[in-house]
Amino acid sequence: MEMLSGADMVVRALQEEGVEYIFGYPGGSVLHIYDALFKQDKVSHILVRHEQAATHAADGYARATGKPGVVMVTSGPGATNAITGLATAFMDSIPMIVLSGQVRSDWIGDDAFQETDMIGVSRPVVKHSFMVRDPKDIPEIFKKAFYIATTGRPGPVLIDIPKDHTAPNKTFPYEYPKKVKLRSYAPVTRGHSGQIRKAVEELLKAKRPVIYSGGGVVQGEASEALTKLARKLNFPVTNTLMGLGAYPGTDRQFLGMLGMHGTYEANMAMHSADVILAAGARLDDRVTNNTKKFCPGAKLIHIDIDPASISKNVAAHIPIVGPVQQVLDEMLSMLDEQDNEPDHKALERWWQEIDGWREFHGLRYETNESGPMKPQQVVEALYKATEGKAYVTSDVGQHQMFAAQFYKFDSPRQWINSGGLGTMGFGLPAAMGVQFAFPDAVVACVTGEGSIQMNIQELSTCLQYGLPVKIININNQALGMVRQWQDMQYGGRHSQSYMESLPDFVKLAESYGHVGIKVEKFEDLEGAMNEAFALKDRLVFMDIYVDPTEHVYPMHIADGAMRDMWLSKTERT
Amino acid sequence: MRRIISILMENEPGALSRVVALFSQRGYNIETLTVAPTEDPTLSRLTMTTTGDEYKIEQITKHLNKLIEVVKLVDLTEGAHIEREIMLMKIKATGAQRAEVKRTVDIFRGQIVDVTATVYTVQLTGTTDKLEAFINAIGETQVLEVVRSGVSGIARGEKVLSL
């Protein structure tokens, strides 16, 4: 049998798993592995400027491709810097492998230099973790780690490797396992047919149905099945923040996003529905508002790969545990086999009602020709300049909600944001990961002057690897979402929510070797966008000044029902 | 409602900490916890008692099942079952109290396993209720030290928790 050192085994295992990129940052505990990486060229290492960015870049890569993102960090601070990225991936069920170095095994527990109990620190934010206790176990651990990260409900898996177990002078027999043996882990591969049939019967009877789909449809590659089902039944579809793109955003049957900043029509339809088909969505608090008042007349059919997501926040009438794609496909074939038709008459009335809601609000916002630009206008201009075809990553805050509302995503994996954890600083490194996955694609990072400064150092990484990301900095000179809440709930007291001493972002971009464009007037916006996107091989930082007083609407009224919303600063339902 | 959850899990380092951490992460209570390897040394059997309504218990069992190291799990309280806890207790036993304590131990079918001039060490096995009844019968002022194992349980009849 082939004899390899622990470090060589790590690199070989990554090759066996078909890893193209590993995002990381070297340090003492992982130097043996870095040396092994140096001697091969199948796995490319991407050097970031901060470990948090490595995790978000791997995460962006994973969200765009569906393949697991891979990260390597050293022990201690390198490892703890990766925690936010692990938590971000965990909340959004993103497949990721993080390799963290650890101090020599005989030093563990001695408070050695750069020692952190990474297994302990990461425990609540990983799907699973492994500590390498014997170098011989490395192949099996890697096989299991990739399997666990990518199957069932995906998630991040951590592998902690003490330095002595990768020493180059000690070799061990190496064979990469072909199969995984895990007696305690068997993700469901099929939904229960009886439950699926019950659900189909309910769908056919429905008079006011809504399909509410989430990130699971994107992750589970079920977008095509969902679209077929919705079209066949002529049902309205709403997507969660994580689910955008799973159903074409420009389609007539699409109601937009639902939830806290969902559209009026999506939230009204949900509240008035008699049957809700929740597919790969977890009824989280940003969607439901007060769960006691949630959709009072609705029967809930809930499809999820994770049984723990079903009836966690809202009790399901028809729970279906299974891969969402398989379940939707089975629904489709059941509909076909009996030539079943939905209640067309009732649906016609339902669509009339929905169209009325659409006309009433439809994401309207006020513009002021002589006043400052509106953030919504920026997203609309971005949509136009990229013909709706860009990969859009975002940071967290108002700009994220505006992007979700106003960019109409027609394809899954096109919209990449931190939904569950809400991680500021996610957007730029995530865009890097997407650009690595698709070097020729147009990648835009919609951000704000608050979020971008949380990982701004990655401009340097972008220069090193020539990543032509377009940064759309919607600059309202304030932590906009915090400020909005302070306006609405704290009597307008803007405690620590505005940004003094903002840098000159144009000069900053230039000093990192990129192009900076400042836009202050709406009439310059379209031209500047076109100029930026014409620079195909350069990173362009667009610093766009917008109205600092703008709020995101609609907005759920706290503790109300789905239908309880602020529609503007003065109107409410 | 009180529940006894019995778990078969991989006998590996870190497995127990995942189970325990899950309870604190998600705000569930653990009242008792006992764990030891089984006849198959690769498996540990963990028994815990917890309280919660049906909804909470359902969430607990679902989340426990999600842990990669948890192989099988059963809520013993869902069916007929046997539960036992073992208690070791030091009791003040001087003068007239010596006979009285001895009588109470006999009534509860306990055993005196160690004796000094002033102290009895008593071993008692039974359900949690029985152990508590014994402590009450002895009276708090007489009790010097109590060690309880936590609940162990097994289903009645032919039902078996194994691979």
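Letters A, B, ... are given to chains in the order of the sequence lines, protein chains preceding strands, and every chain is numbered from 1.
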Using 0.5 Å steps for rounding, measure from the CG atom of B/Leu64 to the OG1 atom of B/Thr50.
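The CG atom of B/Leu64 sits 9.5 Å away from the OG1 atom of B/Thr50.
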First locate atom OG1 of B/Thr32, then atom CD1 of B/Ile30, and finally report the distance between them rounded to the nearest 0.5 Å.
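If we round to the nearest 0.5 Å, B/Thr32:OG1 and B/Ile30:CD1 are 9.0 Å apart.
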Does anything in residues 68-103 of chain B reach chain A? List residues with heavy atoms under 4.5 Å apart, or say none.
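Heavy-atom contacts from residues 68-103 of chain B to chain A are B/Ile68, B/Glu69, B/Val70, B/Val71.
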Dump the intermediate steps for side-chain contact (heavy atoms from CB on, under 4.5 Å) on A/Val125 and A/Met91, then the final yes or no.
CA-CA 8 Å; A/Val125 293; A/Met91 286 293 268; over 6 Å; no
Can you list the steps and then say if A/Arg104 with A/Asp106 is a salt bridge (Lys or Arg N to Asp or Glu O under 4.0 Å)?
CA-CA 6 Å; A/Arg104 285 166 45 168; A/Asp106 57 327; 2.6 Å; yes
When you measure from the side chain of A/Ser311 to the backbone of A/Ala316, do you find a donor-acceptor pair of N or O atoms at a distance under 3.5 Å?
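Judged by distance alone, yes, a pair lies under 3.5 Å.
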Does anything in residues 133-157 of chain A reach chain B? List residues with heavy atoms under 4.5 Å apart, or say none.
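At a heavy-atom separation under 4.5 Å, chain B is reached by A/Arg133, A/Ile148, A/Arg153.
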Top residue by heavy-atom pair count (under 4.5 Å) with chain B, among A/Lys312, A/Lys127, A/Met131?
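The candidate making the most pairs under 4.5 Å is A/Lys312.
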With side chains defined as the heavy atoms from C-beta onward, is the minimum distance between A/Val73 and A/Val71 less than 4.5 Å?
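A/Val73 reaches A/Val71 side chain to side chain.
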Do B/Thr128 and B/Leu131 have side-chain heavy atoms sitting under 4.5 Å apart?
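Counting from C-beta outward, B/Thr128 and B/Leu131 never come under 4.5 Å.
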Hydrogens and angles aside, do B/Asp129 and B/Thr127 bring a side-chain donor and acceptor to less than 3.5 Å of each other?
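There is no such pair (donor and acceptor under 3.5 Å, judged by atom type) between the side chains of B/Asp129 and B/Thr127.
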Considering residues, nucleotides and ligands other than B/Asp53, do more than 12 of their heavy atoms fall under 6.0 Å from its CG?
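It does: B/Asp53 CG has more than 12 such atoms within range.
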Salt bridge B/Arg148-B/Glu132, side-chain N to carboxylate O under 4.0 Å
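Between B/Glu132 and B/Arg148 there is a salt bridge, with a charged N closer than 4.0 Å to a carboxylate O.
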Does A/Asp304 pair with A/Arg282 as a salt bridge, N-O distance under 4.0 Å?
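No, no charged N to carboxylate O under 4.0 Å.
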Under 4.5 Å from any heavy atom of chain A, what part of B/Leu163 do you find: side chain, backbone, both or neither?
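For B/Leu163, side-chain heavy atoms alone lie under 4.5 Å from chain A.
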Option that, when pairs with chain A are counted at under 4.5 Å, heavy atom only, ranks first among B/Arg18, B/Glu12, B/Glu10
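Most heavy-atom pairs within the cutoff with chain A belong to B/Arg18.
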